[in-house]
Amino acid sequence: MLQGKKIVLGITGSIAAYKAAYLVRGLIKKGAEVQVVITPAGKEFITPITLSALTSKPVVSEFFSNRDGTWNSHVDLGLWADAMVIAPATASTIGKMANGIADNMLITTYLSMKAPVFVAPAMDLDMFAHSATQRNLDTLRAYGNHIIEPGEGELASHLVGKGRMEEPDKIIGVLEDFFTFAGTFAEKKIMITAGPTYEKIDPVRVIGKFSSGNMGFAIAEACAAQGADVTLIAGPVALTTAHPAIRRIDVESAGEMYRAAMSVFPETDAAVLCAAVADYRPARQATEKIKRESEEEIRLQLVPNKDIAASLGAVKRSGQVLVGFALETHNAQVYATEKLKKKNLDFIVLNSLEDAGAGFRCDTNKITILDNAGSVTAYPLKSKQAVAEDIVAQLASRLK
Ligand code: C5P
């Protein structure tokens, strides 16, 4: 997949710069051509001589290559590359990228880059967690850059070690996946449902399920970053979207979500149903707040909501891909397989509350994907962004 691919590797001043040598070696082994661009601080951590020996190319660092006025063209590099990878990316470089502060060759190359950009942050965990860094990373996501989350897949060290640069072989894996389905999402229309639905009992009380919307929003961003045209139907959540290719429709109840989904679905190539839809709604909604007047019991009569997934499954055209989720507490695979069939899904993403760090109201997830051909793929615990990339890769292999 990386054979003949031209990669610009940006290296910055982090202790993880030594890993860049392994990254270069791995990329070259896979047949890629690598041009290193290093920041002045990067050179304090790894020597250009090592890197030029590995890449068989002079390392680019200064605006001018000689004192004779010959200068390095960042514009040419921007046109030459099939991908740019910035690994390790320090908080400083991420900040400069997000704000266009072009005071070194790496940033000017980034600003001239026509190819997709991958960023592997590497820094102290407090620096990584700081709102300034997270805001800058969100800005880069909004620019369509791919953030390779630090410490992805590391179960125990997820909380203690977040900030450590992802391992070179994982970064190479991300690039391989990207080139495998590059272009698959261009011009494709994808619908995503996310978050909970609220079913009103009265103007101040609701019935619903726990759901932050994080998983669905991460999938929407990942599809948009691949070039898809995304419609995100969101229940009541406190989240914002970053990518400009995401059209958002806000709904509150299952009925509203059903109507929005049924009207959008026929125009789409695929739908991913992440929403935790309330299964029942009160038969009657009180128009005024129900007063607590005595200690007497009150009874709510509930009526079933329509199953959006099953309704879409019933009208699915050939070639359309339908993906559902299942959140289970026990007998997970059995129930998930039943849902896959009943709702006519192409694959179902299972998360079990039996797994720590999986399910709702957390930033991580641990999934198993079951498909309609009977295959079962289990993934390790990852951030919801990284899980979204895995789901997008599965989706890509099924899109026509
Ligand atoms: O049956 P269950 O709610 O567990 O099914 C989960 C899957 O079905 C999810 O993909 C969810 O978004 C979808 N669903 C739906 N409409 C419903 C209930 C579930 O789209 N009313």
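Values in this document were obtained by computation on a predicted structure and should not be read as measured data. The first residue of the sequence shown is numbered 1, and numbering continues consecutively from there. Counting starts at 1 for both ligands and their atoms, following the listed order.
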Can you produce the list of protein nitrogen or oxygen atoms under 3.5 Å from a nitrogen or oxygen of ligand 1, alongside each distance?
residue  : atom   : partner : partner atom : Å
ligand 1 : 1 (O)  : Lys343  : NZ           : 3.0
ligand 1 : 4 (O)  : Lys339  : NZ           : 2.4
ligand 1 : 5 (O)  : Lys343  : NZ           : 2.9
ligand 1 : 8 (O)  : Lys343  : NZ           : 3.0
ligand 1 : 10 (O) : Leu273  : O            : 2.7
ligand 1 : 10 (O) : Phe325  : N            : 2.7
ligand 1 : 10 (O) : Phe325  : O            : 3.4
ligand 1 : 12 (O) : Leu273  : O            : 3.2
ligand 1 : 12 (O) : Ala275  : O            : 2.7
ligand 1 : 16 (N) : Ile308  : N            : 2.9
ligand 1 : 20 (O) : Ala309  : N            : 2.9
ligand 1 : 21 (N) : Lys306  : O            : 2.9

message: Does the Lys NZ or Arg CZ of Lys366 fall within the cation-pi geometry relative to Tyr379 - under 6.0 Å from the ring centre and within 45° of the axis?
response: no
What I want to find out is whether [X] reaches [Y] closely enough, with some N-O distance under 4.0 Å, to be called a salt bridge.
X	Y	value
Arg259	Glu252	no
Lys57	Glu33	yes
Arg292	Glu295	yes

Taking only distance into account, with no hydrogens and no angle test, what donor-acceptor pairs under 3.5 Å do side-chain atoms of residues 100-109 form with protein atoms, sequence neighbours excluded?
residue : atom : partner : partner atom : Å
Asp103  : OD1  : Lys96   : NZ           : 3.0
Asp103  : OD2  : Lys96   : NZ           : 3.3
Asn104  : OD1  : Leu106  : N            : 3.0
Asn104  : OD1  : Ile107  : N            : 2.9
Thr108  : OG1  : Asn104  : O            : 3.3
Thr108  : OG1  : Met105  : O            : 2.9
Thr109  : OG1  : Met105  : O            : 2.6

- prompt: Does Lys384 use its side chain to pair, donor to acceptor, with the backbone of Cys362 at less than 3.5 Å?
  reply: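 Here the side-chain-to-backbone pair exists.
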